[in-house]
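Atoms considered below: every heavy atom in the structure, side chains included; atoms not considered: hydrogens, waters and symmetry mates. To find a chain, count down the sequence lines: A is the first, B the second, and so on, and within it residues start at 1.
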Amino acid sequence: MVSTVIAEEQEVGGCRLLLDQIRPAIHAHLDDPVIETFGLTIGFGNEPVLSGVDLPVARHQITAIVGPSGSGKTTFLRSLNRMNDKLRGFRRSGRVELEGQDIYGAGVDPLVVRKRVGMVFQRPNPFPMSIRDNVLAGVKVHKMVPRAALADVAETRLAEVGLWPAVAGRLSDSPYRLSGGQQQLLCLARALAVAPDVLLLDEPTSSLDPVSTEAVEALLLRLAAKVSMVIVTHNLAQARRIADQVAFFCEGRLIEAGPTEAVFESPKRRETGKYLQGQFG
Amino acid sequence: MTSAAASERTLHWAEERTAFSRRLAEKWSLSLTVLALFLLVAPLFWVLGGVTDQAARVWSWHMLTQTTATGGLANAIVGTFVLLAGVLVVAGAIGVGCGVYIAEWAVPRRRLLLRGASEVLSGVPSIVIGYVAYVALVVGLRWGYSLVAAVLALSVLVIPYVAKSTEIAISQVPTSYREGAMALGMGEGHVLGRIVLRSALPGIVTGLTIALAISVGETAPLLYTMSFSNGYPDGHLTHTTMGYLTYVAYIFWDEPSSADQNLAHVAALVLVLLVVALILLGRLLVRLTQRHSEGAGG
Ligand SMILES: Nc1ncnc2c1ncn2[C@@H]1O[C@H](COP(=O)(O)OP(=O)(O)O)[C@@H](O)[C@H]1O
Ligand SMILES: [Mg+2]
């Protein structure tokens, strides 16, 4: 009786449950995930940030990661393409497998990992160079096509994200004269141009207006046919609209994961239900 | 009711008083601004006016074609440009390299050490640098008066400025650019060369402009390392002397012949014009390199 009361109180203050005793609720088995983490545990210095995350990422689907601020979503996402490697105090144990190969394994080149697993950030971050050079930045570095084909690549990629009509006449302009939404689409085109297998998106629409958000969402839905995606979002309605799979993180742990419908309609853990109903976070 | 009215009146009065003191403060700051502007601009016009006036009286076109041997400045102008080119290459390479090293790779302790050394170096009087270059290079390495010694002495003088502006420009490159580049699978070299240095270019160009403007105006290190001659640069790097403008402005002015004194006046004008041209060119280049920068207008 007494312990229930304490648990209740802790629950109200966040999702601070007796977490050590729980295992995440996983709704269904995924065969053939493109990425899968095994006991992924991350800390910065002595501060633990993620503990024992086991999460498969479905191929050619959109996986949404939701959870309160500070629950480790960004840290998790960045560990999937080794963007955390250089951060001060970064410590990791556990594995992240990309197509069955541990990306933190000996002899794995993080540059190759990042080329295969691209990333789009919370705030649009175009480079200070022309719109064309932005799209082609990665393509040129990796010498992916002959020089003569660069113009075509730029057009294809800009068309792919739906930006071509808006920028066709001003490819040499500064990207900062585009609207925030257009800048984010440009960053998407830049990431897609190096032909990644997986795209990681960290709250890609949180700084955008509703119309731009809709454009980005429509694009992500179209892209799912050829790129697997993991998107962190604070916007639960967005997760519901576009995600095939949802993973709920809290206090550095994966609490629950599964098909979007199942997680939203019949969450297996009480704290998932509470978060999804907006009771905390 | 009454107390409310009273307090409102007090409030009103207080507001009026702050409005008054604000107006007073505005007046003061405006007059101080005007005064500062005047103190800054007056000497500039005084120098420009004086130099132009003196030079105009004695100006003749053949000064641009004759050498200092025959009452012209041609060799001195060419010599100054050669020195500038040398400084641009040497101080540019070393200064930008140091700046990149300090900003990107140095461990904190070494960074402090290098910054400190650079600051001390920028405080050493140019005549001392000239003297050291004389002892070490002209005499010590037996280069004689030479172009290399002169370029090195001038470079040592301006490297701190180039390094500092490079370091600052690099440290101001947003992390989001680097992360965007990393996320495309770019290696450190590509991130630095294609993204970071490119973003820092306006700041680096500004530093180089300042370095060149300082070099144009230096005399002391050149007296020790280059001496002076009426000739053009002869293609040799060591055991050679040539003409340059600051020498003409500094030494000829004191010569007995009025032709030489006239040359000094014109050399002074050419020097001022050269500095102005450098600054304008620098601005143009900064504008050009900034055309895709965040926050660049138009
Ligand atoms: N580079 C870092 N150094 C130290 N602590 C960090 C770093 N990045 C994140 N953290 C900590 O890890 C926790 C999770 O952060 P984050 O992954 O950004 O959460 P979320 O994206 O879910 O809001 C936070 O408590 C944050 O302070
Ligand atoms: Mg985050």
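Side chain of H142(A) to backbone of L184(B): a donor-acceptor contact under 3.5 angstrom is found.
At most 12 heavy atoms of other shown residues, nucleotides or ligands fall within 6.0 angstrom of atom CD in E188(B). Surrounding CZ of F81(B) are at most 12 heavy atoms belonging to other residues, nucleotides or ligands under 6.0 Å away. For R283(B), the CZ atom sits in a loose shell: 12 or fewer heavy atoms of surrounding residues, nucleotides or ligands are nearer than 6.0 Å. The neighbour count for R222(A) CZ, taken as heavy atoms of other residues, nucleotides or ligands under 6.0 Å away, is above 12.
Counting only heavy atoms from C-beta outward, the side chains of I195(B) and M129(A) approach each other to under 4.5 Å. Counting heavy atoms from C-beta on, the side chains of L111(A) and H190(B) never come closer than 4.5 Å.
With rounding to the nearest 0.5 angstrom, the CE atom of M182(B) is 7.0 Å from the CG atom of D85(A). Annotation: the span from S176(B) atom OG to F127(A) atom CZ amounts to 9.0 Å, rounded to 0.5 Å. Once rounded to the nearest 0.5 Å, the distance linking CE of M119(A) with CD of E179(B) reads 8.0 Å. With rounding to the nearest 0.5 Å, the separation of CZ in R178(B) from CG in N125(A) is 13.5 Å.
The two residues P175(A) and H292(B) make their nearest non-hydrogen contact at CD-O, 4.4 Å.
Heavy-atom pairs under 4.5 Å with chain A peak, among A181(B), A183(B), G187(B), at A183(B). For the options R82(A), R190(A), R123(A), heavy-atom pairs under 4.5 Å to chain B are most numerous at R190(A). For the set G138(A), A137(A), S174(A), P196(A), the count of heavy-atom pairs under 4.5 angstrom toward chain B peaks at S174(A). Of the listed residues (P128(A), A191(A), P126(A), G118(A)), the one with the most heavy-atom contacts under 4.5 Å to chain B is P128(A).
Residue R116(A) does not touch chain B at all, counting heavy-atom pairs closer than 4.5 Å. In this structure, the portions of R194(B) lying under 4.5 Å from any heavy atom of chain A include both its backbone and its side chain. Of the two parts of D173(A), only the backbone, made up of N, CA, C and O, holds a non-hydrogen atom closer than 4.5 Å to a non-hydrogen atom of chain B.
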